[in-house]
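Notes to accompany the following structure.
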Amino acid sequence: MEPAELARSMLGWYDKHRRVLPWRALPGKTADPYRVWLSEIMLQQTTVATVGPYFEEFLRRWPTTTDLAAADLDAVLHAWAGLGYYARARNLHKCAKTVAEQHGGVFPDNEEQLRQLPGIGAYTAAAVAAIAFDRRATVLDGNVERVMSRLFAVEEPLPSVKPKLRALADTITPERRPGDYAQAVMDLGATVCIPRRPRCGQCPWHDACAARAAGIAETLPRKAAKAEKPIRRGMAFWLINPEGSVLLRRRPESGLLGGMIEVPSSDWLERAAPGLGAVQEQAPVEAAWRMLPGQVRHTFTHFHLELGLAAARFGPKDGDGWKRAEGIWVPVDRLSEHAIPTVMRKVVRHALGSV
DNA sequence: CACACGTGGAT
DNA sequence: TATCCAAGTGT
């Protein structure tokens with residue numbers, strides 16, 4: 001089938017099955033670049049269902065690029081808490097400031113300039129150019145990779161085959177309605193050409209699909225084997241002062257959970273669970289630490305974490321040793337006011353449940 | 001190119 | 001329970 005015909009049938013399918021999403025313009029309307037950009041950043045490696053409430057909250061608090069640029073970084077991190085990949089939130093804020101200061105608060109309308117902005121890579125630059133400005137740009141996300149690998153029965157594994165998939169995708173991207181086309185292929189990948197049990201009977205490219213014809217659609221795209229996730233273990237320290245506040249800390253700005261608030265803990269290492277030795281060496285202060293039963297489990301992208309919990313409480317008669325602890329003291333009923341990632345919310349829930 | 005970087009839902 | 005995977009980017 002000709003590329004033009006493929007694009008036409010895809011757009012026809014999209015006109016019939018277009019989903020209503022908070023960041024999406026109504027048919028024939030112009031999309032707001034700020035919303036498109038914000039949604040694209042949030043949707044990186046994150047599902048539509050998860051993003052929904054966060055998108056609404058961000059838009060309510062910061063309706064425009066310049067509003068977001070004027071916000072405190074900590075407020076942005078707090079609003080982002082739970083979404084994951086926290087570098088996105090830092091880059092989001094940095095990007096808003098750059099657009100406000102260097103572009104008059106208006107997003108550039110082309111791929112090349114968008115690509116220069118923090119947090120905007122090849123995919124997002126193409127997506128914003130296409131969706132917000134209706135520029136011809138080839139978006140290549142996980143959906144498009146899957147659709148292309150099946151349409152052309154590409155059997156070489158990702159990620160090395162990615163340039164080939166991009167070239168194939170580029171041959172179909174139309175000059176007219178490139179924004180709708182980009183969303184159409186991604187929607188197709190999200191609802192029809194899905195990873196398992198693809199619904200080929202509903203696909204506008206059913207007759208053109210080489211993988212379907214060969215009976216191998218569900219096996220594509222092929223992917224290189226992933227490394228096994230190691231288990232790291234550590235000990236978290238739940239410390240309460242005489243005022244009933246708990247000790248928290250802010251993590252370093254870069255790396256895992258960068259800039260987020262945490263319950264202090266020992267190092268997380270790939271060896272046996274730390275015992276009282278870790279308490280002696282890495283606890284924030286000397287105290288009458290006692291081990292709480294059970295542990296907190298959490299899985300990150302590249303490792304499993306098992307966290308034991310040691311707790312101590314300073315009462316009015318226990319001296320002021322607690323004052324030597326480094327960090328911030330937060331009343332337990334005001335924890336929600338801080339940028340606490342999910343793993344640390346699990347720690348908090350476990351500690352409060354053990355009281 | 002390979003790896004670091006979160007989380008929750010589906011199977 | 002274990003594994004996969006989702007509208008990727010930065011280093």
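Side chains are part of it too, since the values below use all heavy atoms of this structure and drop only hydrogens, waters and symmetry mates. Everything numeric here is computed off the predicted structure, so don't read it as measured data.
One interatomic measurement links the two molecules: NZ of A:K223 to P of C:dT3, which rounds to 17 Å at whole-angstrom precision. Rounded to a whole Å, the CG atom of A:L305 is 14 Å from the C1' atom of B:dC5. Atom-to-atom, CZ of A:R88 to C1' of C:dG8 comes out at 9 Å; the value is rounded to the nearest Å. In this structure, A:F300 places its CZ atom 18 Å from P of C:dT3, rounding to the nearest Å. Remark: C1' of B:dC5 and CZ of A:R90 are 13 Å apart, rounded to the nearest angstrom. The distance between atom NE2 of A:H302 and atom P of B:dT7, rounded to the nearest whole Å, is 12 Å. Atom-to-atom, CG of A:L256 to C1' of B:dT7 comes out at 12 Å; the value is rounded to the nearest Å. A straight line from CG of A:N91 to C1' of B:dG6 spans 15 Å, rounded to a whole angstrom.
Between A:T301 and B:dT7 there is no side-chain N or O to OP1 or OP2 distance below 4.0 Å. The shortest distance between the side-chain N/O atoms of A:H298 and the OP1/OP2 oxygens of B:dG6 is not below 4.0 Å. Here A:R197 does not reach the OP1 or OP2 of B:dT11: none of its side-chain N or O atoms lies under 4.0 Å away. At the phosphate of C:dG8, neither OP1 nor OP2 sits under 4.0 Å from any side-chain N or O atom of A:K162.
To the nearest whole angstrom, the two P atoms, one in B:dG8 and one in C:dT9, are 22 Å apart.
Between A:E57 and A:R60, at least one side-chain N (NZ, or NE/NH1/NH2) sits under 4.0 Å from a carboxylate O, which counts as a salt bridge. The residues A:E326 and A:R249 are annotated as not salt-bridged, no charged nitrogen and carboxylate oxygen being separated by less than 4.0 angstrom. Using a cut-off of 4.0 Å between Lys/Arg side-chain N and Asp/Glu carboxylate O, A:D170 and A:R136 are scored as salt-bridged.
Among the atoms of the strands shown, only primed sugar atoms or phosphate atoms (P, OP1, OP2) are found under 4.0 Å from some heavy atom of A:G255. Backbone-only engagement by A:A122 is indicated by non-hydrogen atom pairs under 4.0 Å involving sugar-phosphate atoms exclusively. Contacts of A:G258 with the nucleic acid, taken as non-hydrogen atoms under 4.0 Å apart, are absent. Within the 4.0 angstrom heavy-atom criterion, no nucleotide atom of any strand lies near A:V144. Residue-level contact check: A:R232 touches neither bases nor backbone, having no heavy atom under 4.0 Å from any strand.
There is a path of hydrophobic side-chain contacts, each under 4.5 Å, that joins A:V347 to A:I261.
Looking at residues two or more places apart in sequence or on another chain, you find no side chain to side chain donor-acceptor pair (under 3.5 Å) involving A:T171. Contacts of A:E5 classified as side chain to side chain donor-acceptor pair (under 3.5 Å), with partners at least two apart in sequence or in another chain: none.
In this structure, A:Y181 and A:R176 have side chains that are not in contact, with every pair of non-hydrogen atoms separated by 4.5 Å or more.
Looking at the side chain of A:Y85, the nearest of the listed nucleotides B:dT7, B:dG6, B:dT11 is B:dG6. Considering only side-chain atoms of A:D141, the nucleotide from B:dT7, C:dC4, C:dG8 that sits closest is C:dG8.
DNA chain B is contacted by A:Q45, A:T46 of residues 20-52 of chain A, taking any non-hydrogen atom closer than 4.0 Å.
In plain terms, the two heavy atoms of A:R197 and A:I194 that are nearest each other are O-CD1, 3.6 Å.
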